[in-house]
Protein chains: 2
Amino acid sequence: MAMAERFLASKFNKPDFNIVDHYTYGIVSDGDLMEGVSQEAANLAGLLKLGKLIYLYDNNHISIEGRTEIASIEKLRPRFEACGWHVAEVEDGNDLQAIEKAIQEARDETSRPSIIAVRTLIGYGSPNKQDKASAHGEPLGEEELKLTKKNLGWTKEPFLIPDAVLEHFRKALHKGLDSQIKWQRLISEYRRQYPESAELWREWVQERLPEAWVNSMPVFKADEKGIATRSVSGKIINALSPILKNLIGGSADLAPSNKTLIIGEEDFKSPEYKGRNIRYGIREHGMGAFMNGIALHGGLIPFGGTFFVFSDYMRPAIRLASLQKIRVIYVFTHDSIALGEDGPTHQPIEHLASLRAMPGLNLIRPCDANETVEAWKIAIESKGPTALVLTRQDIPVLDRSVFPAASNIAKGAYVLKDAEGTPDCILIGTGSEVHIAIKAAELIESKGVKVRIVNMASWRLFEQQAEEYRKGVLPPSVICRIAVEAGSSFGWERYTGAGGGFVCRDGFGVSAPPEVLYKNFGITPEAVAKTAMNLLSKNKKYTY
Amino acid sequence: MAMAERFLASKFNKPDFNIVDHYTYGIVSDGDLMEGVSQEAANLAGLLKLGKLIYLYDNNHISIEGRTEIASIEKLRPRFEACGWHVAEVEDGNDLQAIEKAIQEARDETSRPSIIAVRTLIGYGSPNKQDKASAHGEPLGEEELKLTKKNLGWTKEPFLIPDAVLEHFRKALHKGLDSQIKWQRLISEYRRQYPESAELWREWVQERLPEAWVNSMPVFKADEKGIATRSVSGKIINALSPILKNLIGGSADLAPSNKTLIIGEEDFKSPEYKGRNIRYGIREHGMGAFMNGIALHGGLIPFGGTFFVFSDYMRPAIRLASLQKIRVIYVFTHDSIALGEDGPTHQPIEHLASLRAMPGLNLIRPCDANETVEAWKIAIESKGPTALVLTRQDIPVLDRSVFPAASNIAKGAYVLKDAEGTPDCILIGTGSEVHIAIKAAELIESKGVKVRIVNMASWRLFEQQAEEYRKGVLPPSVICRIAVEAGSSFGWERYTGAGGGFVCRDGFGVSAPPEVLYKNFGITPEAVAKTAMNLLSKNKKYTY
């Protein structure tokens with residue numbers, strides 16, 4: 001959020017018009033600071049000199065298992081100073097003046113983020129549970145609650161707010177209202193003096209897109225050699241960036257591989273903060289969290305790239321994006337064993353299944369360049385997060401005068417090629433394996449079998465279609481259905497049905513050139529054709 | 001690994017017999033140190049005073065996107081000193097004497113782990129690529145390779161090892177052999193003087209289990225109110241710990257919730273290192289990595305607990321355990337929306353599916369106390385990692401004089417209750433939802449429908465059974481099959497088939513008491529019965 005504030009301030013503020021000008025406060029706990037992602041965030045925030053970022057650290061020395069010293073040795077001050085932070089300490093969490101002073105000093109820091117360690121006592125005032133782990137995970141209980149209130153001199157009824165307290169808190173409403181009015185006057189005057197900037201501001205915060213923005217998107221001609229969809233994605237980012245000036249992102253140190261760099265654009269860095277290339281560093285979890293913050297702030301469209309297999313590192317952040325329905329775009333490249341020699345640690349297998357299973361996340365695996373364009377359109381127009389799953393290797397660009405329009409992937413799945421009449425067999429492919437399905441179909445057709453090819457780039461979008469459409473694409477009467485995907489077969493029975501089959505890879509990959517892997521794992525047109533002929537021959541008997 | 005070394009040294013070493021006595025070296029890169037997990041590891045290693053852990057940091061200032069300064073500000077020395085480490089620097093990566101001296105100094109540190117930052121130049125000697133990012137991700141190329149060799153004065157053929165070099169390296173073989181012989185002499189003498197310890201040592205490193213170890217396992221009587229399977233797991237850990245003295249573990253600060261504490265046992269800490277309760281801290285990813293290290297070291301059986309939803313944080317480590325086929329035991333408690341008020345951030349939904357999809361990981365979700373015992377047995381005897389997925393809430397203990405033996409879960413799935421003759425309908429449940437299936441079966445039976453209940457605790461184990469057994473449990477002729485599970489339906493079509501249905505939860509959870517959630521999400525015996533009756537009524541028409 002502090003990153004978004006700096007970028008928007010640099011974009012919109014004018015002399016005497018600090019339209020974007022806020023602090024970002026975080027309340028952090030002992031536990032938060034033990035999680036590694038806190039180090040990833042601290043390092044980047046320090047590098048970016050986010051002076052308006054202020055953490056209030058609830059420093060109570062207690063976690064669920066007991067005193068934090070049983071699990072942590074680290075000293076806060078050198079750890080955060082090593083990352084370029086201002087570190088302050090408040091000895092008594094009930095000393096409001098000391099806290100206020102520390103906050104003011106933190107606000108005065110212009111080029112260092114601040115962490116204020118406020119020493120507190122968990123279960124404050126409870127005679128038997130104060131400063132104990134039992135105050136962390138459990139309620140005090142009726143008896144202890146009574147003792148605590150007595151100890152603190154609280155004689156009122158439960159849930160009663162005394163008038164003096166109410167009055168004090170209500171002041172915040174007025175204060176807030178005053179600030180709002182002041183800001184609204186400012187923006188009104190800004191609108192008069194800078195109408196174009198004001199209009200752009202409104203467009204961004206209302207999440208509207210400029211007219212005809214899609215016209216900037218590239219179109220790719222049919223090409224058998226083709227192009228890697230990661231490269232297409234790079235071209236799209238660069239085509240969109242002059243039109244969508246709020247598109248901002250980068251990679252977890254894989255920009256040359258993920259093709260996430262906006263060419264000619266500066267890095268996002270201090271003190272200008274106007275560049276749109278974010279150097280997230282080798283921190284996938286942090287990157288996911290930064291993107292969530294940027295999206296939640298509003299005004300910007302964040303994207304971030306890494307190898308698909310490393311989506312595991314950022315999974316907690318992806319889940320939070322899904323839960324919060326925020327527009328975050330993941331550029332996951334090197335999407336299968338086809339990445340080759342880097343081997344099984346880098347080759348995704350179960351990642352398609354495990355991310356398809358996540359509620360609220362739209363995963364799209366386009367089969368060629370023009371579908372990649374459509375996938376990016378969907379991601380930009382989405383209200384929630386989108387995972388774009390892209391190849392490392394070149395794949396053909398389909399001839400759309402022969403095949404239906406690439407825009408069909410907006411329906412999740414569509415018939416790419418059909419037989420006359422009812423097909424005997426349906427091949428369902430995604431991404432790079434659609435091309436294997438196309439070649440397999442020729443082999444199968446040569447034996448007089450009628451084949452349909454379905455391209456299923458996004459399960460979620462397909463599941464959002466009307467039942468009629470879905471049954472049109474995958475007619476219940478066609479029992480022989482084969483999924484072709486260089487990843488786990490897990491979940492595919494949903495579409496292949498009881499009489500179907502797979503040409504997938506359920507075990508880990510190995511290190512070898514992609515051609516060798518596809519051949520050895522049997523993900524070939526010949527294997528698909530063989531599976532189809534076998535299934536057809538035992539059709540109707542095959543039910544489990 | 002350094003933790004395992006300390007524990008085993010404390011257990012087996014005797015005066016004049018340092019049977020376990022080795023350093024653990026790690027080679028770490030700029031990228032490794034940017035990943036948050038490196039901070040989690042540094043903090044715990046410092047706290048545990050692992051003086052025999054030595055990192056050699058390949059400090060080349062270059063990552064894939066360029067100089068590390070574009071993404072990192074942090075200073076190594078204060079960061080690691082804040083965690084209680086010894087930090088050394090070597091200015092020239094080719095100065096072997098300086099490196100050797102630094103290593104010797106690190107070895108002399110008895111109570112601080114060491115990091116030696118060795119300044120190196122990536123692509124050393126290459127006239128055009130040295131110290132550049134291009135030397136990171138790409139090969140030098142033929143031309144540059146020639147120039148580099150020329151520059152370094154290397155005139156030999158490619159892949160040729162000069163005699164002097166060969167001789168030098170071959171010395172290592174002799175040195176290793178000498179060390180091995182010396183150690184073997186030591187252990188022979190040790191065996192004479194301490195035969196019991198020597199036998200135990202052999203048992204541990206050979207991964208054998210003591211005779212009749214399973215007899216220590218608790219047995220639970222039928223009980224309608226029952227017990228949470230997490231609590232059972234806690235009893236098992238405590239029953240096993242006196243027999244399996246190499247069982248060592250803890251939780252990521254959730255021991256009271258995960259029930260991972262070995263009662264009466266000390267914490268694993270400096271300087272004794274003999275306790276078996278590891279305080280992993282609030283570091284799930286780190287915990288996963290520590291367990292991998294302990295398992296790879298050999299001699300020990302590591303386990304670690306957290307809430308099931310936080311398995312996402314440690315997913316990269318789980319994947320490495322699966323890939324390396326190492327015995328790591330995950331105690332994942334709070335396994336569904338039934339955890340209640342903590343809400344959707346804490347309620348797992350897609351986690352069953354996403355971990356079932358991971359190659360090599362065995363996930364077991366037992367339906368009662370005695371199955372939890374069996375699940376632990378399987379985990380202990382396994383050659384690979386096992387995820388035990390356990391309830392927060394009490395669930396009934398089944399009467400095994402009525403139902404088949406709990407040991408049946410070794411087959412992954414089994415018929416828990418059957419109808420006479422061929423069933424009309426099969427209910428497939430896992431974990432806590434097996435009990436919903438049992439109640440649903442009564443409702444369905446009351447309408448004259450013949451019901452079978454299948455308990456499917458582990459998909460992986462079931463898939464390892466012979467086809468005959470699998471078809472016996474789920475006969476292809478029975479089309480009406482319903483999966484009952486408080487998690488995503490993703491993947492269940494594999495067993496419910498084309499004519500089946502689900503009573504699952506595909507969206508995120510919400511914060512409410514468990515009873516309210518089950519009712520509102522329709523995971524009830526009534527909903528299961530209704531689904532079954534609907535499916536039966538449209539049977540045979542239902543194919544998609």
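For the numbers below, each heavy atom of this structure counts, side chains included, while hydrogens, waters and symmetry mates do not. Per chain, numbering begins at 1; letters A, B, ... match sequence-line order.
In this structure, Asn43(A) CG and Arg79(B) CZ are separated by 7.5 Å, a value rounded to the nearest 0.5 Å. To the nearest 0.5 Å, the span separating CD1 on Ile64(A) from CD1 on Ile282(B) amounts to 7.0 Å.
Within the 4.5 angstrom heavy-atom criterion, atoms from both the backbone and the side chain of Asp253(B) approach chain A. Heavy-atom distances place both the backbone and the side chain of Glu284(B) under 4.5 Å from chain A. Both the backbone and the side chain of Thr345(B) come within less than 4.5 Å of a heavy atom of chain A. Both the backbone and the side chain of Ser72(A) come within less than 4.5 Å of a heavy atom of chain B. If you measure heavy-atom distances from Leu320(B) to chain A, the contacts under 4.5 Å come from the side chain alone. Using a 4.5 Å cut-off between heavy atoms, Ser257(A) does not touch chain B at all. Interface remark: Ser322(B) contributes backbone and side-chain atoms alike to the contact with chain A (heavy atom separation under 4.5 Å). Of the two parts of Ser63(B), the backbone and the side chain both hold a non-hydrogen atom closer than 4.5 Å to a non-hydrogen atom of chain A. In this structure, chain A has no heavy atom under 4.5 Å from any part of Arg77(B).
In this structure His346(A) satisfies the side chain to side chain contact (heavy atoms under 4.5 Å, CB included) test together with Phe307(A), Phe310(A), Leu339(A), Asp342(A), sequence neighbours excluded. Take Glu493(A) and apply the side chain to side chain contact (heavy atoms under 4.5 Å, CB included) test, not counting sequence neighbours, and it matches Thr496(A), Phe502(A), Glu493(B), Arg494(B).
Side-chain contact between Glu65(A) and Ser251(B) is present, with at least one heavy-atom pair separated by less than 4.5 Å. Put simply, the side chain of Met34(B) does not reach to within 4.5 Å of the side chain of Glu40(A), judged on heavy atoms. With contacts defined as side-chain heavy-atom distances shorter than 4.5 Å, the pair Pro359(B)/Arg505(A) does not qualify.
Annotation: maximal heavy-atom pairing with chain A below 4.5 Å, among Arg319(B), His351(B), Glu74(B), occurs at Arg319(B). The candidate from Arg279(B), Lys75(B), Glu69(B) with the greatest count of non-hydrogen atom pairs under 4.5 Å with chain A is Arg279(B). Most heavy-atom pairs under 4.5 Å with chain B: of the set Leu76(A), Leu254(A), Asp32(A), this distinction falls to Leu254(A). The candidate with the highest count of non-hydrogen atom pairs below 4.5 Å against chain B, out of His285(A), Met314(A), Arg283(A), is Arg283(A). Your options are Gly360(A), Gly491(A), Ala252(A), Ser354(A), and the one with the most heavy-atom pairs under 4.5 Å with chain B is Ser354(A). Among the candidates Ile70(A), Val37(A), Thr68(A), the residue making the largest number of heavy-atom pairs closer than 4.5 Å to chain B is Ile70(A). For the options Gly281(A), Ser38(A), Gly66(A), Ala71(A), heavy-atom pairs under 4.5 Å to chain B are most numerous at Ala71(A). In terms of heavy-atom pairs under 4.5 angstrom with chain A, the leader among Gly137(B), Ser488(B), Ala255(B) is Ala255(B).
Checked by atom type and distance alone, the side chain of Asp312(A) never pairs as donor or acceptor with a backbone atom of Pro316(B) at under 3.5 Å.
By the 30° and 60° cut-offs, the orientation of the rings of Trp459(B) relative to Phe490(A) is parallel.
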